[in-house]
Amino acid sequence: MNVDPKVVAAISSAVGLYLQAEQEALLAQGPSIRPPRPPVALSSSFALAGRQAAMNIRWTWQMRLPR
């Protein structure tokens, strides 16, 4: 597969200009944009412990069945 350096340069230039325009548009909106919030855990550690216990019980039963 032959890659033309001019085509590669044109594509990379277009991508660079697009990213620059997108960033300028975000900056033009001003400080009204909030930074994204960090993800929040949807379940508590008690719920996770309960699920783990249920999985352990199920695993124990699965290991007993082949005997």
Side-chain angles (χ1 to χ4, degrees):
M1 180 170 140
N2 294 335
V3 179
D4 188 15
K6 291 181 182 180
V7 173
V8 173
I11 292 172
S12 61
S13 174
V15 170
L17 287 173
Y18 174 79
L19 292 175
Q20 183 180 2
E22 188 176 68
Q23 187 171 7
E24 287 174 359
L26 285 174
L27 291 175
Q29 290 179 356
S32 63
I33 296 177
R34 296 183 201 155
R37 290 185 286 170
V40 179
L42 297 177
S43 58
S44 68
S45 57
F46 293 107
L48 292 174
R51 286 191 199 110
Q52 185 66 39
M55 290 172 65
N56 285 340
I57 291 171
R58 183 168 188 250
W59 180 81
T60 304
W61 274 104
Q62 285 177 348
M63 292 297 113
R64 285 186 187 175
L65 290 177
R67 285 186 183 186

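Everything quoted here is computed from the prediction, not taken from an experiment. Side chains are part of it too, since the values below use all heavy atoms of this structure and drop only hydrogens, waters and symmetry mates.
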Checking Glu24 now: which residues fulfil side chain to side chain contact (heavy atoms under 4.5 Å, CB included) with it, not counting sequence neighbours?
Gln20
Kindly write out the residues that satisfy side chain to side chain contact (heavy atoms under 4.5 Å, CB included) with Gln52, not counting sequence neighbours, or none if the list is empty.
Asn56
CH2 on Trp59 to CZ on Arg64, rounded to 0.5 Å
10.5 Å
Would you give me the side-chain donor-acceptor pairs under 3.5 Å for residues 5-15, sequence neighbours excluded?
from  : atom 1 : to   : atom 2 : distance (Å)
Ser12 : OG     : Val8 : O      : 3.1
Ser12 : OG     : Ala9 : O      : 3.1

Looking at Trp61, I'd like to know if the NZ or CZ of Arg58 sits under 6.0 Å from its six-membered ring centre while staying within 45 degrees of the ring's axis.
no
